[in-house]
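Residue numbers begin at 1 in each chain, while the letters A, B, ... track the order of the sequences. All values reported here derive from a predicted model rather than from experimental measurement.
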Amino acid sequence: MHNPELLESLLRKLPMGACIVDAQYQIVFWNDFFSDRLDLQETDVIGKSILEIFPEQARFLKKKIHSVFILKNESFSYWEQRPHIFEFQSSRPITGEETLMYQNMEVLPLMDEQQEVQYVCITIQDVTAQASYYSDLSKAAEELDKEHKEQARLIRKLEEAKTQLVQSEKMASIGQLAAGVAHEINSPIGFIYSNLQSLQDYAEKLIKVGTFAAKLIDKSGEMKFKRLKNDFYERAEFDYIKEDIVDLISESLDGAVRVKEIVKSLKEFSHSDTNEWAVSDVVEGIESTLKIINSQFKYKVELVKDYQEGIPPLYCMVMQLNQVFMNLILNAAQAIEGSGHIYIRVYTDGDWQKVSIRDTGQGISPSNLSKIFDPFFTTKPVGSGTGLGLSLSYNIIKNHGGNIDVNSTVGKGTEFIVSLPHKSANEPTESPES
Amino acid sequence: MNQTLLSEDQRDALQEMMNISMGQAARSLAQLIDTQITLSIPTISEASPSDLAEIFSFGKVTWYARQSFLGQIKGEVLSLIGKNGCEALAELMDYDMPLTEVQTQELILELTNILSGACLSGLSSQLELKTNLNMPTLFNPSASEKSVYSWSTALLVEVTFSIESFSFNARVMICMEENSILTLKKSLDVLVG
């Protein structure tokens, strides 16, 4: 079939755009696909420059057409990179959601017998259906991915909660044990302490009696009694006993006082209502925590305390905070090899009350620094660290609306700064008359 | 003897033809971007699926694109576009800088089309064979497996383009499957006489 008229009418009716331009970018042919969708008849555009008719795409079209004239090869443009070259309305004006047609473009060289490009033909294919199907698919995939991430986040949260539960249950049972022990020790240490006080009194009196009797015998002038007395006192080491007994009793009393204090701290620490919010003094909390754990490091660590005067009490869960301080201080002590210092500083900074716990230990390597608050992360040998202390501490401080910050230099030491808001969001507002 | 292997004469003839046509292609390309382009002497080899897998292992330094062609010989043209120097080339080609992701994709596809078009039309015009290139597409070889290849040998005609004034490199491979190789051999025999 070589009937040019038939071929031309076929080209006009083709279900795709066809526009032929010459080397000066002038339009020489424009089929119905173009005129129907742009409301521009062929007669309106013939002889005009395609670059002037589509000024927004002029740069792109010029580049494409030029390259086809030079290279004598087809050139393509794909809807994914350039969806709407020509402002054709969507092929689905009634039912579709898209308002503009998605297009694939192909620029074809039309060559004469000498293999020189005379014209190029811009063909446009409507791929709206394909594009919309594809973008629906990607949207679905995106949503799926989002859901997947949300799920992963929930699982992580669940794990955290579980971890916290395990830890708080452990703490609770330790607390109960401590409360039981404290209660059992409390009454015997009570009578030991009061007996010791009486004993101290009695001993003083007995020494006085003995001393007085000796003086009396010496004064009587009876050499026989005097010799007997001297002999007896010497054998019983009376001079030594009367010195030593005072020291022994006062040392025992000191010991008893310390036991009483530890018992008191244990009772405070293991107080059953650990999760209750109350107005409490953070410094007192630190002190009572120190009493319990001090013995674990008192020979290798020198504590330096710096508490700002007149720190106001905080509305907080003081028992939980104590647990945080205990974790931080024990970690600090464990970071110290040989001997070193721990600096505990409590101060206010604007709206925040801050507790800084700084050690002169080995420090944390930068690669570990980002992981220290992760549950089960530990650098301690298997069995000696749960990897829960800091993650639990982190959660407790977050529950208070606060922050834990950490600065560390390997070989120099680590500083943890706990920041707690002066005014907690949970704090009950005071009634005006009170 | 393997039917698909080229004889030495055929190989020499093909290489010579490719050399002539690539020279023309290089001149056109240089005219288009106004920069001197260096082309390697085309190499011709047979490739197995595992050779192709090796070609696909440079994902860190190159982008891959492919473009199939139909006609009297059929196959795919693979382009390995070096990531290095792409920005400078984009500037020469009148792209807005810096490139967005979509513009980068467009650049790779454009380069692929220009380079593989030049190579394939060089080959087919010399051999008087008719071929038509389809649209180029981006290609992520890590996602495909060599086990899915249904061919055992492909003919590889490989040309390297480079631009000296800045560091840029691209490799174009015309890959043909066995039936097309037979057609190619017939055409070569006619030409060689």
Pair A/Phe29-A/Tyr119, ring pair (Phe, Tyr, Trp, His ring centres under 6.0 Å): steps then yes or no: CA-CA 10 Å; A/Phe29 180 82; A/Tyr119 301 103; over 10 Å; no
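- With salt bridges taken as basic N to acidic carboxylate O contacts below 4.0 Å, one links A/Asp145 and A/Lys149.
- Remark: A/Lys146 does not engage A/Glu143 in a salt bridge, criterion side-chain N to carboxylate O under 4.0 Å.
- Chain B is approached within less than 4.5 Å, heavy atom to heavy atom, by A/Phe60, A/Lys63, A/Lys64, A/His66, A/Ser67 from residues 60-67 of chain A, ordered by number.
- The backbone N or O of B/Lys74 sits less than 3.5 Å from a side-chain atom of B/Ser180, completing a donor-acceptor pair.
- B/Asp9 and B/Ser7 form no side-chain donor-acceptor contact under 3.5 Å, judged by distance and modelled atom types alone.
- Using a distance-only test at 3.5 Å, with no hydrogens or angles considered, a donor-acceptor pair links the side chain of B/Thr104 to the main chain of B/Thr100.
- Within the 4.5 angstrom heavy-atom criterion, no atom of B/Gln103 approaches chain A.
- Within the 6.0 Å centre-distance limit, the rings of A/Tyr134 and A/Trp79 are counted as a close aromatic pair.
- With a 4.5 Å cut-off on non-hydrogen atoms, B/Asn113 touches chain A through its side chain but not through its backbone.
- Contact annotation for residues 86-93 of chain B against chain A (heavy-atom separation below 4.5 Å, listed by residue number): B/Met93.
- Formation of a donor-acceptor pair under 3.5 Å by the B/Ser79 side chain with backbone atoms of B/Ile81 is not found in this model.
- Looking at B/Leu32, the atoms closer than 4.5 Å to chain A (heavy atoms on both sides) sit in the backbone and in the side chain alike.
- Interface remark: of the candidates B/Val102, B/Ile33, B/Thr137, B/Val102 forms the most heavy-atom pairs closer than 4.5 Å to chain A.
- Annotation: cation-pi pair A/Arg82/A/Tyr78 absent, no NZ/CZ under 6.0 Å from the ring centroid and within 45° of its normal.
- Side-chain atoms of A/Trp30 come within 3.5 Å of backbone atoms of A/Leu40 as a donor-acceptor pair (strictly under, hydrogens ignored).
- Checked for salt-bridge contact, A/Asp32 and A/Arg37 miss the test: no charged N lies under 4.0 Å from a carboxylate O.
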